[in-house]
Amino acid sequence: MQENHTYPIGTPGQPWGDAERDQWRARQVRQRSHADDVLRAIDALRNQWDVQPYGEVAYANAHHAPEHFPLQALRSRHWQPGLPSVLVTGGVHGYETSGVHGALRFAQQHAAEFAGRANLLVVPCVSPWAYERIQRWNFDAIDPNRSFKEGSPAQESAALMRLVAQHQAQYGQLAAHIDLHETTD
Ligand SMILES: [Zn+2]
């Protein structure tokens with residue numbers, strides 16, 4: 001018996017258009033809250049970290065009510081020129097939950113160990129819409145991890161690139177970037 005491995009949306013070999021993206025989006029169900037899980041956890045860290053807003057992700061179209069997600073990073077409170085600076089990111093892929101919660105837990109439990117040793121910039125959830133849907137792609141069916149490039153089509157990637165560029169212009173080159181992914185199968 002032959003199995004049908006064809007994806008249920010679109011035509012094999014042909015790029016998706018708006019209609020296919022709408023079909024795909026209609027199947028994505030909001031299952032958890034970025035505000036509750038991420039923004040609230042970041043807010044609770046204000047006594048230890050500087051919270052740095054770095055824009056927002058905003059989505060809407062004819063079939064979809066507007067949604068806004070504030071983007072927030074955590075920055076070492078006593079940023080010291082001369083120390084190596086390290087970027088930690090989670091949730092570039094929204095369905096890779098351990099990266100989001102791992103970055104938050106790292107910020108909650110291990111920040112003090114790096115005081116005087118490294119400057120830390122932690123972005124716990126790069127792709128909030130996808131985090132809520134437990135999805136790899138963003139609202140536009142784009143993989144943010146394939147979109148870290150000039151003129152990025154992914155708002156999430158463009159915002160993170162702006163944050164990093166601004167940071168490096170102000171504080172100098174980052175020494176390392178730890179990007180938290182996981183295998184899902
Ligand atoms: Zn990933």
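For the numbers below, each heavy atom of this structure counts, side chains included, while hydrogens, waters and symmetry mates do not. Remember, it's 1-based here, ligands and their atoms both numbered in the order they're listed.
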*Asks:* Linking I/L/V/M/F/W/Y whenever any side-chain heavy atoms sit under 4.5 Å apart, do Val100 and Leu74 land together?
*Replies:* yes
*Asks:* Whether Asp43 and Arg40 form a salt bridge (side-chain N of Lys/Arg under 4.0 Å from carboxylate O of Asp/Glu) is what I want to check.
*Replies:*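 No, no charged N to carboxylate O under 4.0 Å.
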*Asks:* Do NZ/NE/NH1/NH2 and the carboxylate oxygens of Arg30 and Glu132 come within less than 4.0 Å?
*Replies:*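 The answer is yes: the pair qualifies as a salt bridge.
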*Asks:* With ring centroids as reference points, do Trp137 and Trp16 lie under 6.0 angstrom apart?
*Replies:* yes
*Asks:* Going by the angle between their ring planes, with limits at 30° and 60°, are Phe139 and Tyr59 parallel, tilted or perpendicular?
*Replies:*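 If you compare the ring of Phe139 with that of Tyr59, the planes turn out parallel.
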*Asks:* Quick one: which residue pairs count as a salt bridge (charged side-chain N to carboxylate O under 4.0 Å, His left out) with a foot in residues 143-171, not counting sequence neighbours?
*Replies:*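 Those involving residues 143-171 are Arg136-Asp143.
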*Asks:* Strictly under 2.8 Å of the Zn ion (ligand 1): which protein N/O/S atoms qualify?
*Replies:*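 N, O, S partners closer than 2.8 Å: His93 ND1, Glu96 OE1, Glu96 OE2, His181 ND1.
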